[in-house]
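Since the structure comes first, as structure tokens, the remarks are kept for the end.
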Amino acid sequence: MHIHLKPILSHLTKPSQTLSRTRILHALIIKNRLSYDPFYATRILRLYAINNDLISARYLFDKTPNRSIYLWNSIIRAYAQANEFNDSFLLFKRLLSSETQPDSHTFACIARACTDRFDVRALRLVHGKVVAFGLGLDFICNSALVSCYSKLGLVEEASCVFRGIDKPDLALWNAMISGYGSCGDRVKGIELFNTMQNVGMRPDGYTVVGLITGLADDSLLNVGQTIHGFCVKCGLILNHHVCSVLVSMYLRCKNMGSAFRVFESLVQPDLVSWSSLITGFSQAGDHVNALFFFRELLGVGGRPDTVLLASVLAASAQLAIVRPGCEIHGYAVRHGCNMDITVSSALIDMYAKCGFLEMGIKVFNSMTKRNVVSYNTVISSLGLYGCAAEAFRMFEEMLNEDLKPDETTFAALLCACCHSGLVNEGREYFRMMTNEFRIHAKTEHLVHMVKLLGMDGKLEEAYNLVKSLPEPVNSSIWGALLSCCDSHKNYELLEVIAKHLNENEPKICSYNVMLSNVFAGDGRWDDVQQLRVNYGQAEGKMPGVSWINDINKSVK
DNA sequence: TTACCATCAC
């Protein structure tokens, strides 16, 4: 019997096992009377979890009498990674009241689960437990806490935890640096990067990841390039992980050439590297190349996952060409992932944006599980087609399903009101959003509200809404208001706004463009000239040349 | 045997 054990053991340590092979291994373990051994049980449980078979994983857990902490951690992690947080927390509680002691990995895992479900209160409770269990100085727990607090935007608390550790290890330094990165506090991140080197800690590729994730616009390109240069100079190992981050960073900064060079430096790019390249091109507005590289990936035998399929669908939605979208739909069906919630939502959006609302609705109706994003997608699609009543009905359905609407839901609803000119409904949703759901109105919501009111001729109300906002008001909100004044030929109010803007914010491009067009349309060349003078004062701060071109056209 | 770190649909 022992002859069989060695090959089984070697199979158990391979992470890439399919579900059917896992079942065979499980049967072999049982046959060899090893299923009660927590070591073997843990191995099999993890294989089930990797293959998304939580039912078998749980069955195995329940059937194993001697539960090691490894087995406990594995089942808690399996549920958390599948976003089944309630089960995860219930098991965590059961563990605490059992005879087995939780260890640092248990807390790291459960802290991450709190973060994934955006539960600050629970995270604080877990933090308390960490201290209570005497793990207050543990590196694993604390690096998890640092990254969890900063992912929830509480970078001060993260920093507090970090400062409480005497001689942080590399993981802790990295967690803190990427914490600053994800909170947009780039300066602090770079300061810390310097400090760590001053105390003799050598950064690795992940330190660099922390520094450059989130570098989003071309003005920061030089920061990214400097850090990339640093990696090369210090001979840091640029693995797939790090290269993927570099690729997306360069693409976000619209530096396609450098992105492609980094990608090409990989001997065998993995799925995430391909995804970074493809989604990066798409997000930079180059959807054609995004689809091209997707075909390249299929050509070399790559197997795109659901995340990548959703992104390529978004690319064809942006192009508003249905053919590639249909092909991807077919691919998804052939590979059994068309029912995936991410892919389905992307399909709905793609069909709607390409002019096939019916098909989108069909996909929505066929979904077995729906989340906020699926509802948001279908609501905004219906709204775009002017089917406001249907969109509102979907919103009701969503509430009945106990799904909590978010800011995108309300943006979609307000957009639907806008497309159908439903002022009262729009006011009501706006009120509901701020008062009942405590969602802070963003630029997008305000633009819809201003348009909705303004297009209906309620210019005063729209103006009062904008005036009530804290300064500085985003230029697209002013733009929406000005274009409403323009189309209603309310030059009196336009004058008032123009005066206000020229006194307070003469530097923003978009409403100057609008104003110059309005003035030019009226033949008021003196005013156009005045704007030009203002532009001169603000020179160097203006983002583009479109405005000056508009002026030149007008003057001609 | 596990931790911190990459692509992400509206």
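The sequence lines fix the lettering, A, B, ..., with proteins before strands; numbering per chain opens at 1.
A salt bridge links Glu407(A) to Lys442(A): at least one charged side-chain nitrogen sits closer than 4.0 Å to a carboxylate oxygen. Classification of Arg393(A) and Glu396(A) as a salt-bridged pair fails, no side-chain N sitting under 4.0 Å from a carboxylate O.
To the nearest 0.5 Å, atom CG of residue Leu382(A) and atom NE2 of residue His419(A) are 12.0 Å apart. From Leu313(A), atom CG reaches atom CD1 of Ile328(A) across 5.0 Å, with rounding to the nearest 0.5 Å.
Taking atom CG of Leu211(A) as the reference point, atom P of dC4(B) lies 19 Å away to the nearest angstrom. Put simply, NZ on Lys442(A) is 14 Å from C1' on dC10(B), counting in whole angstrom units. Computed from coordinates, the Arg77(A) CZ to dA3(B) C1' distance equals 9 Å when rounded to whole Å. Atom pair Leu246(A):CG and dC5(B):P shows a separation of 18 Å (rounding to whole Å applied). Atom CZ of Phe294(A) and atom P of dT7(B) are 19 Å apart (whole Å). For the pair His445(A) NE2 and dC10(B) P, the computed distance is 15 Å after rounding to whole Å. Atom CG in Asp340(A) sits about 11 Å away from atom C1' in dC8(B), given to the nearest Å. The CG-C1' distance, from Leu277(A) to dC8(B), rounds to 16 Å in whole Å.
Contacts of Val373(A) with the nucleic acid, taken as non-hydrogen atoms under 4.0 Å apart, include base atoms. In this structure, Asp169(A) reaches neither bases nor backbone, as no heavy-atom distance under 4.0 Å exists between it and the strands shown. Looking at heavy-atom distances under 4.0 Å, Asn371(A) makes contact with a base. Residue Thr377(A) is in sugar-phosphate contact alone, with no base atom involved, counting any heavy-atom pair closer than 4.0 Å across all strands shown. Within the 4.0 angstrom heavy-atom criterion, only backbone atoms of the sugar-phosphate kind lie near Ser380(A); the bases stay farther away. Residue Ala310(A) is classed as a sugar-phosphate contact, given heavy-atom separations below 4.0 Å to backbone atoms only. Residue-level contact check: Thr279(A) touches the backbone only, with heavy atoms under 4.0 Å from sugar-phosphate atoms and none from bases. Within the 4.0 angstrom heavy-atom criterion, no nucleotide atom of any strand lies near Leu309(A).
Side-chain atoms of Asp305(A) lie closest to dT7(B) of the nucleotides dC5(B), dC10(B), dT7(B). The nucleotide whose nearest atom lies closest to any side-chain atom of Ala171(A) is, among dT7(B), dA3(B), dT1(B), dA3(B). In this structure, the nucleotide among dA3(B), dT2(B), dC10(B) sitting nearest to the side chain of Asn73(A) is dT2(B). Proximity note for Ser345(A) (side chain, C-beta onward) versus dT7(B), dC10(B), dA9(B): the nearest is dA9(B). Looking at the side chain of Ala346(A), the nearest of the listed nucleotides dA9(B), dT7(B), dT2(B) is dA9(B). Taking only side-chain atoms of Val272(A), from C-beta outward, the nucleotide of dA9(B), dT1(B), dT7(B) with the closest atom is dT7(B). In the set dT7(B), dC5(B), dT1(B), dC5(B) carries the atom at the smallest distance from any side-chain atom of His241(A). Checking dC10(B), dC8(B), dC5(B) against every side-chain atom of Ala314(A), the shortest atom distance belongs to dC10(B).
Between the side chains of Tyr149(A) and His127(A), at least one donor-acceptor pair of N or O atoms lies under 3.5 Å. Residues Tyr385(A) and Glu390(A) have side chains that never bring a donor and an acceptor to within less than 3.5 angstrom of each other.
Between Gln283(A) and dC8(B) there is a side-chain polar atom (N or O) within less than 4.0 angstrom of OP1 or OP2.
Annotation: proximity of residues 128-151 of chain A to DNA chain B (heavy atom, distance under 4.0 Å) is found for Ile140(A), Ser143(A), Ser147(A), Lys151(A), numbered in ascending order. Listed by residue number, the members of residues 108-115 of chain A with any heavy atom below 4.0 angstrom from DNA chain B are Ala108(A), Arg112(A).
The local environment of CZ in Phe230(A) is crowded, with over 12 non-hydrogen atoms from other residues, nucleotides or ligands closer than 6.0 Å. Within 6.0 Å of CZ in Arg295(A) there are 12 or fewer heavy atoms belonging to other residues, nucleotides or ligands.
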Stepwise side-chain hydrogen bond (donor to acceptor under 3.5 Å, both in side chains) test for Asn376(A) and Asp406(A):
CA-CA 9 Å; Asn376(A) 289 350; Asp406(A) 61 8; 3.1 Å; yes

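Applying the side-chain contact (heavy atoms from CB on, under 4.5 Å) criterion to Gln81(A), with sequence neighbours excluded, gives Arg77(A).
A distance below 6.0 Å separates the ring centres of His241(A) and Tyr206(A).
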